[in-house]
Asker: 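Quick one: the structure is below, and I'll ask about it shortly.
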2 protein chains.
Amino acid sequence: MPVRKPSSKLTAIARQSLGEQVADILREQILLGDLKPGDTIPERETSAALAVSRTPLREALLMLEVEGLIEMAPARTPMVAKPSLLEVTHLLLVQSALEALAGECSCEEATEEEIEEIEAMHQTMLEMMDNPDPVEFFKIDMGFHEAIVASTKNLPLIKTHKQFHARLWRARFLSARRRSAREMAMIDHGRIVEGLRRRDKELVSSAMRQHLRLAIDNVRVAFAREETENNLLSGESGHSSTVG
Amino acid sequence: MPVRKPSSKLTAIARQSLGEQVADILREQILLGDLKPGDTIPERETSAALAVSRTPLREALLMLEVEGLIEMAPARTPMVAKPSLLEVTHLLLVQSALEALAGECSCEEATEEEIEEIEAMHQTMLEMMDNPDPVEFFKIDMGFHEAIVASTKNLPLIKTHKQFHARLWRARFLSARRRSAREMAMIDHGRIVEGLRRRDKELVSSAMRQHLRLAIDNVRVAFAREETENNLLSGESGHSSTVG
DNA sequence: ATGCCATATTTGGTATACCAAAACTTGACA
DNA sequence: TGTCAAGTTTTGGTATACCAAATATGGCAT
(Lines give C-alpha, C1' and ligand atoms only; values in the text may rest on other atoms or scores of the structure.)
Protein backbone atom coordinates (compact mmCIF):
# COMPACT_ATOMS: atom_id res chain seq x y z
CA MET A 1 0.00 0.00 0.00
CA PRO A 2 2.03 2.89 -1.26
CA VAL A 3 -0.86 5.29 -0.70
CA ARG A 4 -1.16 7.70 2.17
CA LYS A 5 -3.38 6.96 5.07
CA PRO A 6 -4.19 10.49 6.16
CA SER A 7 -5.16 9.60 9.69
CA SER A 8 -6.84 6.22 9.78
CA LYS A 9 -7.66 5.21 13.36
CA LEU A 10 -4.39 4.54 15.12
CA THR A 11 -1.74 3.16 12.84
CA ALA A 12 -1.53 -0.10 14.81
CA ILE A 13 1.82 -0.76 16.40
CA ALA A 14 3.92 -1.29 13.28
CA ARG A 15 6.87 -2.25 15.38
CA GLN A 16 9.43 -2.97 12.72
CA SER A 17 10.13 -0.85 9.68
CA LEU A 18 8.72 -1.76 6.30
CA GLY A 19 12.23 -2.56 5.13
CA GLU A 20 12.62 -5.24 7.78
CA GLN A 21 9.24 -6.70 6.97
CA VAL A 22 10.16 -6.90 3.29
CA ALA A 23 13.49 -8.46 4.23
CA ASP A 24 11.65 -11.09 6.25
CA ILE A 25 9.36 -11.86 3.33
CA LEU A 26 12.19 -12.16 0.83
CA ARG A 27 14.28 -14.21 3.24
CA GLU A 28 11.44 -16.63 3.69
CA GLN A 29 10.88 -16.85 -0.05
CA ILE A 30 14.53 -17.67 -0.55
CA LEU A 31 14.54 -20.23 2.24
CA LEU A 32 11.35 -21.87 1.03
CA GLY A 33 12.75 -22.08 -2.47
CA ASP A 34 10.21 -19.76 -4.07
CA LEU A 35 13.23 -17.72 -5.02
CA LYS A 36 15.97 -20.01 -6.25
CA PRO A 37 19.70 -19.27 -6.53
CA GLY A 38 20.30 -17.25 -9.65
CA ASP A 39 16.84 -15.71 -9.70
CA THR A 40 16.95 -11.96 -10.14
CA ILE A 41 15.09 -9.44 -7.99
CA PRO A 42 14.47 -6.31 -10.08
CA GLU A 43 13.70 -3.37 -7.85
CA ARG A 44 10.74 -1.80 -9.61
CA GLU A 45 8.98 -5.03 -10.44
CA THR A 46 9.45 -6.54 -6.99
CA SER A 47 8.50 -3.40 -5.12
CA ALA A 48 5.34 -3.18 -7.20
CA ALA A 49 4.54 -6.82 -6.49
CA LEU A 50 4.92 -6.26 -2.76
CA ALA A 51 3.00 -2.98 -2.95
CA VAL A 52 5.77 -0.93 -1.40
CA SER A 53 8.01 1.72 -2.84
CA ARG A 54 11.57 1.07 -3.91
CA THR A 55 13.07 2.63 -0.80
CA PRO A 56 12.08 -0.03 1.75
CA LEU A 57 12.71 -2.73 -0.84
CA ARG A 58 16.24 -1.46 -1.29
CA GLU A 59 16.70 -1.46 2.46
CA ALA A 60 15.65 -5.08 2.52
CA LEU A 61 17.97 -5.97 -0.37
CA LEU A 62 20.82 -4.25 1.40
CA MET A 63 20.25 -6.24 4.57
CA LEU A 64 20.07 -9.50 2.69
CA GLU A 65 23.24 -8.59 0.85
CA VAL A 66 25.14 -8.00 4.10
CA GLU A 67 23.76 -11.33 5.26
CA GLY A 68 25.10 -12.94 2.11
CA LEU A 69 21.75 -14.16 0.83
CA ILE A 70 21.78 -12.05 -2.31
CA GLU A 71 24.45 -10.48 -4.48
CA MET A 72 24.45 -6.87 -5.65
CA ALA A 73 26.93 -5.58 -8.21
CA PRO A 74 27.30 -1.88 -9.10
CA ALA A 75 24.83 -1.66 -11.95
CA ARG A 76 23.47 -5.15 -12.08
CA THR A 77 20.10 -6.46 -11.05
CA PRO A 78 20.18 -8.08 -7.58
CA MET A 79 20.38 -11.85 -7.66
CA VAL A 80 19.76 -14.61 -5.16
CA ALA A 81 23.17 -15.88 -4.11
CA LYS A 82 24.27 -19.11 -5.75
CA PRO A 83 27.08 -20.38 -3.56
CA SER A 84 29.58 -22.76 -5.08
CA LEU A 85 30.48 -26.04 -3.43
CA LEU A 86 33.68 -24.41 -2.22
CA GLU A 87 31.79 -21.58 -0.63
CA VAL A 88 29.27 -23.89 1.02
CA THR A 89 32.18 -25.86 2.38
CA HIS A 90 33.67 -22.69 3.80
CA LEU A 91 30.35 -21.72 5.33
CA LEU A 92 29.96 -25.14 6.91
CA LEU A 93 33.43 -24.92 8.40
CA VAL A 94 32.55 -21.65 10.09
CA GLN A 95 29.20 -23.00 11.16
CA SER A 96 30.89 -26.02 12.69
CA ALA A 97 33.14 -23.75 14.75
CA LEU A 98 30.17 -21.69 15.86
CA GLU A 99 28.13 -24.72 16.85
CA ALA A 100 31.04 -26.33 18.63
CA LEU A 101 31.37 -23.16 20.68
CA ALA A 102 27.63 -23.15 21.25
CA GLY A 103 27.81 -26.69 22.53
CA GLU A 104 30.51 -25.79 25.03
CA CYS A 105 28.72 -22.70 26.26
CA SER A 106 25.44 -24.54 26.42
CA CYS A 107 26.93 -26.99 28.92
CA GLU A 108 27.46 -24.05 31.25
CA GLU A 109 24.53 -21.81 30.42
CA ALA A 110 21.62 -24.02 29.46
CA THR A 111 18.87 -24.52 32.01
CA GLU A 112 17.56 -27.99 32.75
CA GLU A 113 14.35 -27.07 31.01
CA GLU A 114 16.18 -26.09 27.85
CA ILE A 115 18.10 -29.33 27.78
CA GLU A 116 14.89 -31.27 28.26
CA GLU A 117 13.35 -29.39 25.36
CA ILE A 118 16.33 -30.22 23.17
CA GLU A 119 16.02 -33.85 24.15
CA ALA A 120 12.34 -33.77 23.26
CA MET A 121 13.14 -32.49 19.80
CA HIS A 122 15.62 -35.29 19.37
CA GLN A 123 12.99 -37.82 20.38
CA THR A 124 10.52 -36.35 17.89
CA MET A 125 13.08 -36.69 15.15
CA LEU A 126 13.73 -40.31 16.04
CA GLU A 127 10.03 -41.01 15.70
CA MET A 128 9.89 -39.19 12.37
CA MET A 129 12.72 -41.14 10.79
CA ASP A 130 10.34 -42.91 8.43
CA ASN A 131 8.27 -39.86 7.63
CA PRO A 132 8.27 -39.57 3.85
CA ASP A 133 8.02 -35.79 4.00
CA PRO A 134 11.57 -34.49 4.30
CA VAL A 135 10.49 -30.92 4.92
CA GLU A 136 9.02 -31.47 8.37
CA PHE A 137 11.94 -33.60 9.42
CA PHE A 138 14.33 -30.96 8.21
CA LYS A 139 12.56 -28.17 10.06
CA ILE A 140 12.87 -29.96 13.36
CA ASP A 141 16.49 -30.74 12.58
CA MET A 142 17.18 -27.05 12.15
CA GLY A 143 15.19 -26.28 15.29
CA PHE A 144 17.34 -28.71 17.23
CA HIS A 145 20.47 -26.82 16.29
CA GLU A 146 18.87 -23.45 16.88
CA ALA A 147 17.70 -24.46 20.33
CA ILE A 148 21.21 -25.41 21.38
CA VAL A 149 22.62 -22.13 20.16
CA ALA A 150 19.80 -20.18 21.80
CA SER A 151 20.48 -21.82 25.15
CA THR A 152 23.89 -20.12 25.31
CA LYS A 153 22.22 -16.70 25.72
CA ASN A 154 25.11 -15.33 23.66
CA LEU A 155 23.33 -12.83 21.41
CA PRO A 156 26.14 -12.20 18.90
CA LEU A 157 26.61 -15.93 18.56
CA ILE A 158 22.90 -16.50 18.06
CA LYS A 159 22.67 -13.81 15.43
CA THR A 160 25.73 -14.90 13.50
CA HIS A 161 24.66 -18.52 13.61
CA LYS A 162 21.28 -17.50 12.28
CA GLN A 163 22.83 -15.76 9.31
CA PHE A 164 25.00 -18.71 8.35
CA HIS A 165 21.99 -20.88 8.92
CA ALA A 166 20.04 -18.95 6.30
CA ARG A 167 22.85 -19.13 3.78
CA LEU A 168 23.23 -22.85 4.31
CA TRP A 169 19.54 -23.69 4.45
CA ARG A 170 19.14 -24.72 0.84
CA ALA A 171 22.33 -26.72 0.61
CA ARG A 172 21.58 -28.57 3.81
CA PHE A 173 18.04 -29.23 2.75
CA LEU A 174 19.16 -30.75 -0.51
CA SER A 175 21.70 -32.91 1.24
CA ALA A 176 19.36 -34.01 4.03
CA ARG A 177 17.03 -35.87 1.70
CA ARG A 178 19.14 -38.99 1.73
CA ARG A 179 17.97 -41.63 4.15
CA SER A 180 21.49 -42.67 5.09
CA ALA A 181 22.42 -39.09 5.88
CA ARG A 182 19.52 -38.90 8.28
CA GLU A 183 20.55 -42.02 10.11
CA MET A 184 24.10 -40.86 10.63
CA ALA A 185 22.87 -37.45 11.71
CA MET A 186 20.71 -39.03 14.39
CA ILE A 187 23.72 -40.84 15.83
CA ASP A 188 25.53 -37.53 16.17
CA HIS A 189 22.46 -35.93 17.68
CA GLY A 190 22.31 -38.71 20.24
CA ARG A 191 25.86 -38.02 21.32
CA ILE A 192 25.15 -34.30 21.50
CA VAL A 193 22.11 -34.82 23.72
CA GLU A 194 24.01 -37.18 25.96
CA GLY A 195 26.84 -34.69 26.28
CA LEU A 196 24.46 -31.89 27.17
CA ARG A 197 22.77 -34.00 29.81
CA ARG A 198 26.14 -34.74 31.40
CA ARG A 199 27.24 -31.17 30.66
CA ASP A 200 30.39 -32.59 29.14
CA LYS A 201 31.83 -29.75 27.09
CA GLU A 202 34.39 -31.88 25.29
CA LEU A 203 31.86 -34.45 24.20
CA VAL A 204 29.29 -31.96 22.97
CA SER A 205 31.87 -29.86 21.19
CA SER A 206 33.44 -32.77 19.33
CA ALA A 207 30.06 -34.28 18.46
CA MET A 208 28.94 -30.96 17.03
CA ARG A 209 32.08 -30.66 15.00
CA GLN A 210 31.82 -34.17 13.62
CA HIS A 211 28.15 -33.62 12.82
CA LEU A 212 28.92 -30.61 10.66
CA ARG A 213 31.87 -32.29 9.03
CA LEU A 214 29.52 -35.06 8.01
CA ALA A 215 27.27 -32.38 6.55
CA ILE A 216 30.15 -31.26 4.35
CA ASP A 217 30.38 -34.72 2.82
CA ASN A 218 26.63 -34.86 2.29
CA VAL A 219 26.63 -31.52 0.58
CA ARG A 220 29.39 -32.68 -1.71
CA VAL A 221 27.37 -35.62 -3.00
CA ALA A 222 24.28 -33.42 -3.25
CA PHE A 223 26.17 -31.00 -5.44
CA ALA A 224 27.51 -33.80 -7.58
CA ARG A 225 24.02 -35.19 -8.04
CA GLU A 226 22.56 -31.82 -8.94
CA GLU A 227 25.37 -31.36 -11.41
CA THR A 228 24.62 -34.57 -13.25
CA GLU A 229 20.91 -33.80 -13.22
CA ASN A 230 21.56 -30.45 -14.84
CA ASN A 231 23.78 -32.03 -17.44
CA LEU A 232 21.10 -34.54 -18.29
CA LEU A 233 18.55 -31.78 -18.69
CA SER A 234 20.51 -29.24 -20.62
CA GLY A 235 23.24 -31.27 -22.15
CA GLU A 236 26.55 -29.64 -21.33
CA SER A 237 25.25 -26.06 -21.35
CA GLY A 238 25.15 -24.40 -17.92
CA HIS A 239 28.35 -23.30 -16.25
CA SER A 240 29.53 -25.61 -13.55
CA SER A 241 28.62 -24.43 -10.07
CA THR A 242 31.15 -26.60 -8.31
CA VAL A 243 34.05 -24.22 -8.57
CA GLY A 244 34.40 -20.93 -6.74
CA MET B 1 28.66 17.02 -3.34
CA PRO B 2 24.89 16.72 -3.65
CA VAL B 3 24.90 18.75 -6.86
CA ARG B 4 24.56 17.29 -10.31
CA LYS B 5 27.54 16.98 -12.55
CA PRO B 6 25.86 17.22 -15.96
CA SER B 7 28.69 15.60 -17.87
CA SER B 8 32.02 16.47 -16.31
CA LYS B 9 34.87 14.69 -18.11
CA LEU B 10 34.51 10.99 -17.43
CA THR B 11 33.06 10.29 -14.02
CA ALA B 12 36.14 8.33 -12.98
CA ILE B 13 35.45 4.74 -12.06
CA ALA B 14 33.41 5.25 -8.89
CA ARG B 15 33.55 1.58 -8.17
CA GLN B 16 31.58 1.43 -4.96
CA SER B 17 28.33 3.15 -4.23
CA LEU B 18 28.20 6.32 -2.18
CA GLY B 19 26.56 4.40 0.62
CA GLU B 20 29.51 2.05 0.92
CA GLN B 21 31.93 4.95 0.88
CA VAL B 22 30.02 6.65 3.66
CA ALA B 23 29.95 3.39 5.59
CA ASP B 24 33.72 3.14 5.25
CA ILE B 25 34.16 6.69 6.52
CA LEU B 26 31.88 6.18 9.51
CA ARG B 27 33.43 2.82 10.31
CA GLU B 28 36.86 4.37 10.35
CA GLN B 29 35.67 7.23 12.53
CA ILE B 30 34.25 4.77 15.00
CA LEU B 31 37.39 2.64 14.98
CA LEU B 32 39.66 5.66 15.38
CA GLY B 33 37.59 6.88 18.27
CA ASP B 34 36.42 10.07 16.59
CA LEU B 35 32.96 8.67 17.19
CA LYS B 36 32.77 7.19 20.66
CA PRO B 37 30.25 4.69 22.01
CA GLY B 38 27.07 6.51 22.85
CA ASP B 39 27.62 9.28 20.33
CA THR B 40 24.57 9.90 18.19
CA ILE B 41 24.55 10.12 14.40
CA PRO B 42 21.60 12.29 13.39
CA GLU B 43 20.74 11.73 9.75
CA ARG B 44 20.26 15.28 8.48
CA GLU B 45 23.21 16.78 10.31
CA THR B 46 25.60 13.98 9.40
CA SER B 47 24.54 13.80 5.78
CA ALA B 48 25.04 17.56 5.50
CA ALA B 49 28.47 17.31 7.10
CA LEU B 50 29.49 14.61 4.62
CA ALA B 51 27.90 16.52 1.73
CA VAL B 52 25.67 13.65 0.69
CA SER B 53 21.93 13.23 0.85
CA ARG B 54 20.19 11.23 3.49
CA THR B 55 19.63 8.24 1.24
CA PRO B 56 23.22 7.00 0.97
CA LEU B 57 23.82 7.93 4.59
CA ARG B 58 20.92 5.73 5.62
CA GLU B 59 22.33 2.93 3.51
CA ALA B 60 25.58 3.28 5.39
CA LEU B 61 23.84 3.35 8.76
CA LEU B 62 21.91 0.25 7.82
CA MET B 63 25.06 -1.63 6.93
CA LEU B 64 26.77 -0.59 10.14
CA GLU B 65 23.72 -1.66 12.09
CA VAL B 66 23.75 -5.13 10.56
CA GLU B 67 27.46 -5.24 11.40
CA GLY B 68 26.60 -4.35 14.98
CA LEU B 69 28.62 -1.14 15.08
CA ILE B 70 25.64 1.15 15.63
CA GLU B 71 22.21 0.73 17.12
CA MET B 72 18.98 1.91 15.50
CA ALA B 73 15.66 1.90 17.32
CA PRO B 74 12.33 2.66 15.61
CA ALA B 75 12.14 6.39 16.19
CA ARG B 76 15.41 7.03 17.91
CA THR B 77 18.50 8.74 16.58
CA PRO B 78 21.18 6.22 15.55
CA MET B 79 23.88 5.71 18.14
CA VAL B 80 27.35 4.24 18.16
CA ALA B 81 27.04 0.87 19.88
CA LYS B 82 28.18 0.80 23.47
CA PRO B 83 28.68 -2.88 24.23
CA SER B 84 28.50 -3.97 27.82
CA LEU B 85 31.20 -6.10 29.39
CA LEU B 86 28.91 -9.09 29.00
CA GLU B 87 28.46 -8.43 25.32
CA VAL B 88 32.18 -7.91 24.74
CA THR B 89 32.78 -11.19 26.50
CA HIS B 90 30.29 -12.87 24.19
CA LEU B 91 31.92 -11.30 21.16
CA LEU B 92 35.34 -12.44 22.28
CA LEU B 93 34.09 -15.97 22.75
CA VAL B 94 32.83 -16.07 19.18
CA GLN B 95 36.00 -14.43 17.93
CA SER B 96 38.07 -17.05 19.75
CA ALA B 97 36.16 -19.81 18.00
CA LEU B 98 36.62 -18.10 14.64
CA GLU B 99 40.33 -17.58 15.16
CA ALA B 100 40.84 -21.10 16.41
CA LEU B 101 39.23 -22.34 13.21
CA ALA B 102 41.35 -19.94 11.22
CA GLY B 103 44.46 -21.33 12.85
CA GLU B 104 43.52 -24.87 11.91
CA CYS B 105 42.68 -24.00 8.34
CA SER B 106 45.76 -21.87 8.01
CA CYS B 107 47.93 -24.91 8.76
CA GLU B 108 46.51 -26.49 5.65
CA GLU B 109 45.96 -23.54 3.38
CA ALA B 110 48.64 -20.98 4.15
CA THR B 111 51.55 -20.67 1.72
CA GLU B 112 55.11 -20.59 2.97
CA GLU B 113 55.27 -16.93 2.02
CA GLU B 114 52.22 -16.11 4.09
CA ILE B 115 53.62 -17.86 7.13
CA GLU B 116 56.89 -16.00 6.69
CA GLU B 117 55.00 -12.75 6.54
CA ILE B 118 53.14 -13.60 9.73
CA GLU B 119 56.44 -14.44 11.39
CA ALA B 120 57.84 -11.11 10.26
CA MET B 121 54.96 -9.27 11.88
CA HIS B 122 55.60 -11.15 15.07
CA GLN B 123 59.26 -10.13 14.96
CA THR B 124 58.32 -6.51 14.42
CA MET B 125 56.08 -6.63 17.44
CA LEU B 126 58.82 -8.10 19.57
CA GLU B 127 61.06 -5.19 18.62
CA MET B 128 58.31 -2.71 19.38
CA MET B 129 57.62 -3.99 22.87
CA ASP B 130 59.12 -0.86 24.43
CA ASN B 131 57.54 1.54 22.00
CA PRO B 132 55.66 4.07 24.11
CA ASP B 133 53.03 4.58 21.41
CA PRO B 134 50.41 1.89 21.93
CA VAL B 135 48.58 2.68 18.72
CA GLU B 136 51.25 1.46 16.33
CA PHE B 137 51.81 -1.65 18.39
CA PHE B 138 48.12 -2.33 18.42
CA LYS B 139 47.76 -1.92 14.68
CA ILE B 140 50.38 -4.54 13.99
CA ASP B 141 48.80 -6.79 16.58
CA MET B 142 45.52 -6.62 14.69
CA GLY B 143 47.35 -7.12 11.41
CA PHE B 144 48.91 -10.28 12.79
CA HIS B 145 45.51 -11.77 13.50
CA GLU B 146 44.07 -10.58 10.21
CA ALA B 147 46.93 -12.11 8.27
CA ILE B 148 46.32 -15.51 9.79
CA VAL B 149 42.63 -15.39 8.99
CA ALA B 150 43.34 -14.15 5.47
CA SER B 151 45.68 -17.05 4.81
CA THR B 152 42.78 -19.49 5.09
CA LYS B 153 41.25 -18.12 1.85
CA ASN B 154 37.87 -18.77 3.47
CA LEU B 155 35.92 -15.68 2.42
CA PRO B 156 32.93 -16.04 4.75
CA LEU B 157 35.32 -16.59 7.63
CA ILE B 158 37.39 -13.57 6.68
CA LYS B 159 34.35 -11.36 6.40
CA THR B 160 32.77 -12.49 9.64
CA HIS B 161 36.04 -12.18 11.49
CA LYS B 162 36.41 -8.66 10.15
CA GLN B 163 33.01 -7.68 11.48
CA PHE B 164 33.70 -8.98 14.96
CA HIS B 165 37.08 -7.36 14.72
CA ALA B 166 35.48 -3.97 14.18
CA ARG B 167 33.07 -4.41 17.06
CA LEU B 168 35.88 -5.47 19.37
CA TRP B 169 38.43 -2.91 18.19
CA ARG B 170 37.81 -0.34 20.89
CA ALA B 171 37.59 -2.78 23.79
CA ARG B 172 40.74 -4.54 22.73
CA PHE B 173 42.54 -1.28 22.22
CA LEU B 174 41.68 -0.13 25.71
CA SER B 175 42.78 -3.41 27.19
CA ALA B 176 46.01 -3.63 25.17
CA ARG B 177 47.54 -0.58 26.80
CA ARG B 178 48.80 -2.54 29.77
CA ARG B 179 52.42 -3.54 29.53
CA SER B 180 51.84 -6.89 31.21
CA ALA B 181 49.06 -7.72 28.77
CA ARG B 182 51.42 -7.13 25.89
CA GLU B 183 54.03 -9.45 27.31
CA MET B 184 51.62 -12.30 27.80
CA ALA B 185 50.19 -11.72 24.35
CA MET B 186 53.62 -12.06 22.80
CA ILE B 187 54.06 -15.44 24.44
CA ASP B 188 50.86 -16.66 22.85
CA HIS B 189 51.89 -15.19 19.52
CA GLY B 190 55.14 -17.08 19.74
CA ARG B 191 53.31 -20.35 20.20
CA ILE B 192 51.00 -19.52 17.32
CA VAL B 193 53.87 -18.78 14.97
CA GLU B 194 55.67 -21.93 16.01
CA GLY B 195 52.55 -23.98 15.42
CA LEU B 196 52.05 -22.49 11.98
CA ARG B 197 55.64 -23.20 11.01
CA ARG B 198 55.18 -26.82 12.02
CA ARG B 199 51.66 -26.77 10.61
CA ASP B 200 50.46 -28.27 13.85
CA LYS B 201 46.71 -27.68 13.88
CA GLU B 202 46.21 -28.63 17.49
CA LEU B 203 48.91 -26.30 18.73
CA VAL B 204 47.81 -23.31 16.70
CA SER B 205 44.18 -23.80 17.56
CA SER B 206 44.73 -24.07 21.28
CA ALA B 207 47.17 -21.16 21.32
CA MET B 208 44.63 -19.02 19.50
CA ARG B 209 41.93 -19.99 21.93
CA GLN B 210 44.06 -19.26 24.98
CA HIS B 211 45.16 -15.96 23.49
CA LEU B 212 41.59 -14.76 23.15
CA ARG B 213 40.63 -16.07 26.56
CA LEU B 214 43.43 -13.94 27.95
CA ALA B 215 41.93 -11.02 26.09
CA ILE B 216 38.68 -11.56 27.95
CA ASP B 217 40.46 -11.12 31.27
CA ASN B 218 42.21 -8.01 30.02
CA VAL B 219 38.98 -6.50 28.85
CA ARG B 220 37.47 -7.15 32.24
CA VAL B 221 40.09 -5.12 34.06
CA ALA B 222 39.90 -2.42 31.39
CA PHE B 223 36.17 -2.11 31.96
CA ALA B 224 36.67 -1.99 35.70
CA ARG B 225 39.25 0.74 35.36
CA GLU B 226 37.09 2.81 33.04
CA GLU B 227 34.25 2.42 35.47
CA THR B 228 36.22 3.83 38.36
CA GLU B 229 37.51 6.65 36.19
CA ASN B 230 33.98 7.63 35.24
CA ASN B 231 32.90 7.54 38.86
CA LEU B 232 35.77 9.81 39.83
CA LEU B 233 34.85 12.27 37.10
CA SER B 234 31.11 12.42 37.42
CA GLY B 235 30.51 11.17 40.91
CA GLU B 236 28.01 8.33 40.74
CA SER B 237 26.01 9.71 37.80
CA GLY B 238 26.41 7.68 34.60
CA HIS B 239 24.68 4.38 34.26
CA SER B 240 26.93 1.40 34.72
CA SER B 241 28.06 -0.13 31.47
CA THR B 242 29.10 -3.43 32.97
CA VAL B 243 25.76 -5.12 32.80
CA GLY B 244 23.94 -6.18 29.67
C1' DA C 1 25.00 -11.85 -44.76
C1' DT C 2 27.52 -9.92 -41.12
C1' DG C 3 29.66 -6.85 -38.09
C1' DC C 4 29.46 -2.42 -35.92
C1' DC C 5 27.62 1.75 -34.20
C1' DA C 6 23.78 4.76 -32.71
C1' DT C 7 19.74 5.03 -30.19
C1' DA C 8 16.06 3.62 -27.12
C1' DT C 9 14.89 1.36 -22.97
C1' DT C 10 15.68 -0.67 -18.72
C1' DT C 11 17.81 -0.63 -14.20
C1' DG C 12 20.11 0.82 -10.32
C1' DG C 13 21.90 5.16 -7.71
C1' DT C 14 20.92 9.55 -5.62
C1' DA C 15 18.40 13.48 -4.10
C1' DT C 16 14.42 15.52 -2.25
C1' DA C 17 9.65 16.22 -0.68
C1' DC C 18 6.34 14.84 2.57
C1' DC C 19 4.44 12.41 6.65
C1' DA C 20 3.95 10.69 11.40
C1' DA C 21 5.74 9.77 15.72
C1' DA C 22 8.84 11.31 19.53
C1' DA C 23 11.01 14.69 22.22
C1' DC C 24 11.19 19.12 23.92
C1' DT C 25 9.18 23.48 25.35
C1' DT C 26 6.06 26.37 27.47
C1' DG C 27 2.27 28.06 29.79
C1' DA C 28 -1.79 27.47 32.57
C1' DC C 29 -3.97 25.48 36.44
C1' DA C 30 -4.08 23.24 40.93
C1' DT D 1 5.67 26.00 43.03
C1' DG D 2 4.96 21.60 41.02
C1' DT D 3 2.73 19.15 37.41
C1' DC D 4 0.41 18.13 33.40
C1' DA D 5 -1.12 19.16 28.83
C1' DA D 6 -1.01 21.29 24.39
C1' DG D 7 1.79 23.02 20.87
C1' DT D 8 6.18 23.23 18.52
C1' DT D 9 10.19 21.19 16.67
C1' DT D 10 13.14 17.66 15.58
C1' DT D 11 13.93 13.10 13.69
C1' DG D 12 13.34 9.04 11.34
C1' DG D 13 10.28 6.49 7.69
C1' DT D 14 8.45 6.35 3.10
C1' DA D 15 7.46 7.65 -1.53
C1' DT D 16 8.78 9.60 -5.73
C1' DA D 17 11.27 12.25 -9.23
C1' DC D 18 15.41 12.45 -11.75
C1' DC D 19 19.99 10.94 -13.44
C1' DA D 20 23.59 7.99 -15.46
C1' DA D 21 25.33 3.70 -16.65
C1' DA D 22 24.38 -0.63 -18.84
C1' DT D 23 22.02 -3.39 -21.99
C1' DA D 24 19.23 -4.50 -25.79
C1' DT D 25 17.86 -3.39 -30.52
C1' DG D 26 17.64 -2.11 -35.09
C1' DG D 27 19.53 0.02 -39.06
C1' DC D 28 23.43 1.02 -41.93
C1' DA D 29 27.72 0.19 -44.21
C1' DT D 30 30.79 -3.13 -45.82
Side-chain angles (χ1 to χ4, degrees), chain A residues 1-26 35 38-67 69-81, chain B residues 1-26 35 38-66 69-81 239:
Chain A
M1 45 291 285
V3 286
R4 284 285 125 223
K5 29 186 169 179
S7 193
S8 69
K9 299 292 178 164
L10 36 137
T11 334
I13 327 262
R15 241 47 218 112
Q16 54 183 356
S17 76
L18 242 190
E20 296 178 55
Q21 295 179 44
V22 171
D24 288 344
I25 293 175
L26 290 179
L35 285 172
D39 285 359
T40 58
I41 308 179
E43 297 188 0
R44 284 171 171 73
E45 188 180 326
T46 309
S47 65
L50 296 176
V52 298
S53 82
R54 285 178 57 206
T55 307
L57 174 65
R58 295 197 92 239
E59 276 187 30
L61 291 176
L62 199 55
M63 295 187 217
L64 297 179
E65 201 236 354
V66 177
E67 291 178 17
L69 275 179
I70 69 173
E71 293 167 1
M72 290 173 77
R76 187 150 256 86
T77 154
M79 203 181 74
V80 178
Chain B
M1 44 291 285
V3 287
R4 284 284 126 222
K5 30 186 169 179
S7 191
S8 69
K9 298 291 177 167
L10 38 137
T11 334
I13 327 264
R15 242 45 219 115
Q16 53 182 357
S17 77
L18 242 190
E20 298 178 56
Q21 296 179 43
V22 171
D24 288 343
I25 293 175
L26 290 179
L35 284 173
D39 285 359
T40 58
I41 308 180
E43 295 189 2
R44 284 170 171 76
E45 188 180 326
T46 309
S47 64
L50 295 176
V52 298
S53 82
R54 285 177 58 206
T55 308
L57 174 65
R58 295 195 92 238
E59 277 188 29
L61 291 176
L62 199 56
M63 296 188 218
L64 297 178
E65 202 237 353
V66 176
L69 275 179
I70 69 175
E71 293 167 3
M72 290 174 78
R76 186 152 254 84
T77 155
M79 204 181 73
V80 178
H239 43 275

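Proteins come first, then strands; the chains are lettered A, B, ... in the order of their sequence lines, and each starts at number 1.
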Asker: Can you tell me the distance, in whole Å, between the CE atom of B:Met72 and the C1' atom of D:dT14?
Answerer: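 For the pair B:Met72 CE and D:dT14 C1', the rounded distance is 13 Å.
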Asker: Taking only N and O in the side chain of A:Arg76, is any of them less than 4.0 Å away from OP1 or OP2 of D:dT23?
Answerer: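 Answer is yes, contact under 4.0 Å.
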Asker: It should be established whether A:Ser53 places a side-chain nitrogen or oxygen under 4.0 Å from OP1 or OP2 of nucleotide D:dA15.
Answerer: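 For D:dA15, OP1 or OP2 has a side-chain N or O of A:Ser53 closer than 4.0 Å.
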Asker: Please pick, from D:dT11, D:dT14, C:dT14, the nucleotide with the shortest atom-to-atom distance to any side-chain atom of B:Pro56.
Answerer: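 Ranking D:dT11, D:dT14, C:dT14 by closest atom to the B:Pro56 side chain puts C:dT14 first.
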Asker: Look at the side chain of B:Arg44 and decide which nucleotide, out of C:dC19, C:dT16, C:dA15, has an atom nearest to it.
Answerer: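 Output: C:dC19.
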Asker: Could you give the CG-to-P distance, from A:Leu50 to D:dA15, as a whole number of Å?
Answerer: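 Value for this atom pair: 11 Å.
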Asker: Check every atom of C:dC18, D:dT16, C:dA15 against the side chain of B:Leu18 and return the nucleotide holding the closest atom.
Answerer: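 Between C:dC18, D:dT16, C:dA15, the one nearest the side chain of B:Leu18 would be C:dA15.
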Asker: What is the separation between atom CD on A:Glu45 and atom C1' on C:dT9, rounded to the nearest whole Å?
Answerer: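 Computing the A:Glu45:CD to C:dT9:C1' distance gives 15 Å.
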Asker: Which of these nucleotides, D:dG12, D:dC18, D:dT14, is closest to any side-chain atom of A:Thr55?
Answerer: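 When the side chain of A:Thr55 is considered, D:dT14 is the closest of D:dG12, D:dC18, D:dT14.
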Asker: What integer distance in Å separates B:Leu57:CG from D:dT11:C1'?
Answerer: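 Taking atom C1' of D:dT11 as the reference, CG of B:Leu57 is at 13 Å.
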Asker: Has the side chain of B:Ser53 got a donor or acceptor atom that lies under 3.5 Å from a matching backbone atom of B:Thr55?
Answerer: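 Checked: pair present.
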Asker: Kindly write out the residues that satisfy side-chain hydrogen bond (donor to acceptor under 3.5 Å, both in side chains) with A:Glu43, not counting sequence neighbours, or none if the list is empty.
Answerer: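 If we apply the side-chain hydrogen bond (donor to acceptor under 3.5 Å, both in side chains) test to A:Glu43, skipping adjacent residues, the hits are A:Arg54, A:Arg58.
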